[in-house]
S.K.: 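I am attaching a structure below and will ask some questions about it afterwards.
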Amino acid sequence: MAPPPHENEMSRSGSSESAPATAVKTVDVQTAETPAVGVTTVDVQTAATPAVGVTTVDVQTAARELQEQQGGMAYLDVRTEEEMGKGHVVGGSLNVPYFFVTPQGTREKNPRFVEQVASLFTTDQHILIGCQSGKRSELACVDLLAAYVSDGMQGFMNVKNVGGGYAAWLQSGLPVTVAVPTPESAAEI
């Protein structure tokens with residue numbers, strides 16, 4: 001005997017469409033099991049539509065702002081160290097990974113991300129934040145802006161997401177630094 005349908009299952013009876021109902025598992029975030037220490041769950045719905053206003057600039061604008069050093073502009077690359085090591089934006093970009101890749105191949109959010117950024121940049125500094133495609137950098141901007149709002153920090157209101165990220169930077173033919181293998185790193189390949 002089949003279990004009764006869950007209240008959140010979609011029923012299409014009486015509809016002209018014949019798609020089957022899709023089971024939906026509802027999780028109460030207040031009572032859900034707490035993940036292992038160091039793991040932060042990312043709310044995909046919040047990530048897709050940031051609660052705070054993230055300013056996104058295209059790579060051409062980002063390159064121009066870096067070149068002109070408007071307001072002490074800096075570039076923060078939030079990709080993994082491995083990604084950054086394969087090549088990065090020219091102009092003194094710094095790296096604070098937003099996610100770490102676990103030995104199992106999953107991604108875990110860097111629990112000290114905001115703290116690490118605060119140790120590298122002044123709170124009034126203008127920061128361009130980039131990643132590979134623009135999604136992690138958008139999440140990083142959300143966290144930095146949310147920290148300003150929720151933690152009473154005095155800064156990080158001058159962050160901008162680099163839309164398209166490093167991939168768009170490369171595609172636009174903008175200058176990059178590509179890591180040159182050392183004898184030590186060549187041995188690892």
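Predicted model only: the values in this text are computed from it and were never measured.
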S.K.: So, using side chain to side chain donor-acceptor pair (under 3.5 Å) as the criterion, who are the partners of Q104 when residues are at least two apart?
M.R.: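 Expected list: T102.
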S.K.: Is there a side-chain contact between Y98 and I129, using heavy atoms and a 4.5 Å cut-off?
M.R.: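 Contact flag for Y98/I129 side chains = no.
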S.K.: For N158 and I127: C-alpha separation, side-chain torsions, deciding distance, then whether side chain to side chain contact (heavy atoms under 4.5 Å, CB included) applies.
M.R.: CA-CA 6 Å; N158 298 315; I127 309 169; over 6 Å; no
S.K.: Quick check: closest heavy atoms across S137 and V162, and the distance to 0.1 Å?
M.R.: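 Nearest pair, atom of S137 first, then V162: OG-O, 4.1 Å.
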S.K.: Could you give me the CA-CA distance, side-chain angles and deciding distance for V78 and L139, then say whether side chain to side chain contact (heavy atoms under 4.5 Å, CB included) is met?
M.R.: CA-CA 10 Å; V78 298; L139 294 172; over 6 Å; no
S.K.: Going by side chain to side chain contact (heavy atoms under 4.5 Å, CB included), name the residues that satisfy it together with T80, two or more places apart in sequence or in a different chain.
M.R.: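 Only E82, E83, V101, R136 meet the side chain to side chain contact (heavy atoms under 4.5 Å, CB included) criterion with T80.
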S.K.: Any side-chain donor-acceptor pair under 3.5 Å between H88 and S93?
M.R.: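 There is such a pair between these side chains.
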S.K.: Partners of R112 by side chain to side chain donor-acceptor pair (under 3.5 Å), sequence neighbours excluded?
M.R.: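 So R112 forms a side chain to side chain donor-acceptor pair (under 3.5 Å) with E115.
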S.K.: Are side-chain heavy atoms of N95 and E81 found at a separation under 4.5 Å?
M.R.: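 Yes; the side chains approach each other to less than 4.5 Å.
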S.K.: Using a 3.5 Å distance criterion without hydrogens, assess whether the side chain of T61 forms a donor-acceptor pair with backbone atoms of V57.
M.R.: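 The answer is no, because no donor-acceptor pair under 3.5 Å joins these two groups.
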S.K.: If you compare all heavy atoms of F113 against all heavy atoms of P97, which two are closest, and at what distance to 0.1 Å?
M.R.: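 The pair with the smallest heavy-atom distance is CD1-O, 3.7 Å.
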S.K.: Can you name the residues that form a ring pair (Phe, Tyr, Trp, His ring centres under 6.0 Å) with F121, not counting sequence neighbours?
M.R.: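 Checked F121 against ring pair (Phe, Tyr, Trp, His ring centres under 6.0 Å); zero matches.
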S.K.: Are the side chains of V90 and Y75 in touch, meaning some heavy atoms are under 4.5 Å apart?
M.R.: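 No; the side chains remain at least 4.5 Å from each other.
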S.K.: How would you list, by chain and number, every residue that makes a side chain to side chain donor-acceptor pair (under 3.5 Å) with Q116, sequence neighbours excluded?
M.R.: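 Residues passing side chain to side chain donor-acceptor pair (under 3.5 Å) with Q116: N110.
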S.K.: Can you name the side chain to side chain contact (heavy atoms under 4.5 Å, CB included) partners of S172, sequence neighbours left out?
M.R.: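 Listed in chain order: V59, Q60, L174.
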S.K.: In this structure, would V114 and F100 fall into the same cluster of hydrophobic residues linked by side-chain contacts under 4.5 Å?
M.R.: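 No; tracing contacts between hydrophobic side chains, which count when under 4.5 Å, never links both residues.
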S.K.: Holding to side chain to side chain contact (heavy atoms under 4.5 Å, CB included), I want the full list of residues that pass it with V176, two or more places apart in sequence or in another chain.
M.R.: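 Y166, W169, L170, V178.
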S.K.: Can you name the nearest heavy-atom pair linking A168 to G163, along with the distance?
M.R.: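 The pair with the smallest heavy-atom distance is CB-O, 4.1 Å.
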S.K.: Do you know which two heavy atoms are closest between K109 and D143, and how far apart they sit?
M.R.: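 Looks like NZ-OD2, 2.6 Å.
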S.K.: Among T55, L128, V142, T56, exactly one meets side-chain contact (heavy atoms from CB on, under 4.5 Å) together with N161. Which residue is that?
M.R.: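 One option only clears the test, and that one is T56.
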S.K.: Tell me every residue that passes side chain to side chain donor-acceptor pair (under 3.5 Å) with D77, counting only those two or more places apart in sequence or in another chain.
M.R.: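 Only R79 meet the side chain to side chain donor-acceptor pair (under 3.5 Å) criterion with D77.
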S.K.: Can you check whether E65 reaches K160 side chain to side chain, under 4.5 Å on heavy atoms?
M.R.: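 The answer is yes; the side chains approach within 4.5 Å.
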